[in-house]
Amino acid sequence: MAIEDVLRAGNYHLIDVREPLELEMDGHIEEAKNIPLGELEDRKQEITNLNGTKIFFCRSGNRSGKATEYFKSEGMTDVYNGGGYVDLKEVLDNL
């Protein structure tokens, strides 16, 4: 399913896996929760407790891909790689 379709379906959570400094420098998506990639394992319960689809994103899509694969390996199916921040923001702005 394309990320646009996932976003149109609603009931999702945006999880930004960039470091806080990157958000300050590059900008952020208001409704996104910031959980840096290095903190995902420690904050796993916080993410698994979220109802709905989890969409991870970062600067380029690499770290969000790792986050997506990690949660898929943990048995979650409602996780998506939203790619890079700039691209995801553009998709959200155009929905």
Side-chain angles (χ1 to χ4, degrees):
M1 182 180 298
I3 195 66
E4 293 87 354
D5 296 328
V6 175
L7 293 167
R8 279 192 199 99
N11 192 28
Y12 61 82
H13 298 275
L14 298 174
I15 303 168
D16 190 337
V17 298
R18 296 178 295 161
E19 295 296 323
L21 182 61
E22 291 176 275
L23 276 68
E24 290 176 30
M25 291 178 9
D26 301 331
H28 65 281
I29 297 173
E30 191 70 33
E31 66 270 22
K33 178 182 263 321
N34 179 230
I35 304 178
L37 183 65
E39 296 178 16
L40 284 181
E41 280 191 62
D42 293 338
R43 297 175 68 182
K44 177 180 165 184
Q45 195 65 45
E46 187 177 339
I47 294 167
T48 58
N49 286 343
L50 296 172
N51 292 321
T53 303
K54 290 84 171 158
I55 301 171
F56 297 98
F57 68 98
C58 60
R59 185 174 188 144
S60 68
N62 185 38
R63 287 174 284 179
S64 54
K66 290 177 182 178
T68 302
E69 289 307 311
Y70 169 72
F71 282 100
K72 283 183 177 179
S73 75
E74 293 290 309
M76 293 179 72
T77 57
D78 58 348
V79 293
Y80 287 88
N81 181 355
Y85 159 73
V86 172
D87 294 334
L88 181 60
K89 185 164 179 7
E90 184 176 321
V91 170
L92 287 165
D93 289 346
N94 290 316
L95 283 181

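- Identified under the side-chain hydrogen bond (donor to acceptor under 3.5 Å, both in side chains) test for residues 28-38, with sequence neighbours left out: Lys33-Glu46.
- Each of Ile55 and Leu50 belongs to its own hydrophobic cluster when Ile, Leu, Val, Met, Phe, Trp and Tyr are linked at side-chain heavy-atom distances under 4.5 angstrom.
- Taking both residues in full, the closest heavy atoms of Asn81 and Ser64 are given as OD1-OG, 2.6 Å, listed atom of the first, atom of the second, then distance.
- Here Asp42 pairs with nothing under the side-chain hydrogen bond (donor to acceptor under 3.5 Å, both in side chains) rule; sequence neighbours left out.
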Steps toward side-chain contact (heavy atoms from CB on, under 4.5 Å) verdict (Leu92, Leu14): CA-CA 11 Å; Leu92 287 165; Leu14 298 174; 3.9 Å; yes

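- Taking all atoms of both residues into account, the shortest heavy-atom contact from Gly61 to Cys58 is N-SG, 3.0 Å.
- Among pairs with a residue in residues 54-70, those fulfilling salt bridge (charged side-chain N to carboxylate O under 4.0 Å, His left out) read Glu22-Arg63, Asp26-Arg59, Lys54-Asp78, at least two apart in sequence or across chains.
- Rounded to the nearest 0.5 angstrom, Asn49 CG and Lys44 NZ are separated by 11.5 Å.
- Side-chain heavy atoms closer than 4.5 Å link hydrophobic residues (I, L, V, M, F, W, Y) into clusters, and following such links, possibly through other members, connects Met76 to Leu37.
- Hydrophobic clustering (side-chain heavy atoms under 4.5 Å, transitive across Ile, Leu, Val, Met, Phe, Trp, Tyr) keeps Val17 apart from Leu23.
- Through direct or indirect side-chain contacts shorter than 4.5 Å among Ile, Leu, Val, Met, Phe, Trp and Tyr, Leu21 is connected to Met25.
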Report the C-alpha distance between Val86 and Lys89 in whole Å, list the side-chain angles of each, state the deciding distance to 0.1 Å, and finish with yes or no for side-chain contact (heavy atoms from CB on, under 4.5 Å). CA-CA 5 Å; Val86 172; Lys89 185 164 179 7; 5.9 Å; no

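- With a 4.5 Å cut-off on side-chain heavy atoms, Ile47 and Val79 do not count as touching.
- Within the model, atoms CG of Asp16 and CD1 of Ile29 stand 7.0 Å from one another, a figure rounded to the nearest 0.5 Å.
- Heavy atoms only, all atoms of each residue included: Leu40 and Ala67 are closest at CD1-CB, 3.3 Å.
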Report, one line per pair, each donor and acceptor closer than 3.5 Å where one atom sits in a side chain of residues 4-12; sequence neighbours left out.
| from | atom 1 | to | atom 2 | distance (Å) |
| --- | --- | --- | --- | --- |
| Asp5 | OD1 | Arg8 | NH1 | 3.4 |

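- More than 12 non-hydrogen atoms from other residues, nucleotides or ligands lie less than 6.0 angstrom from CG of Asn94.
- Annotation: ring-ring contact (aromatic ring centres under 6.0 Å, His included) contacts involving residues 69-90, sequence neighbours excluded, comprise Phe56-Phe71.
- With rounding to the nearest 0.5 Å, the separation of CZ in Arg18 from OG in Ser60 is 10.5 Å.
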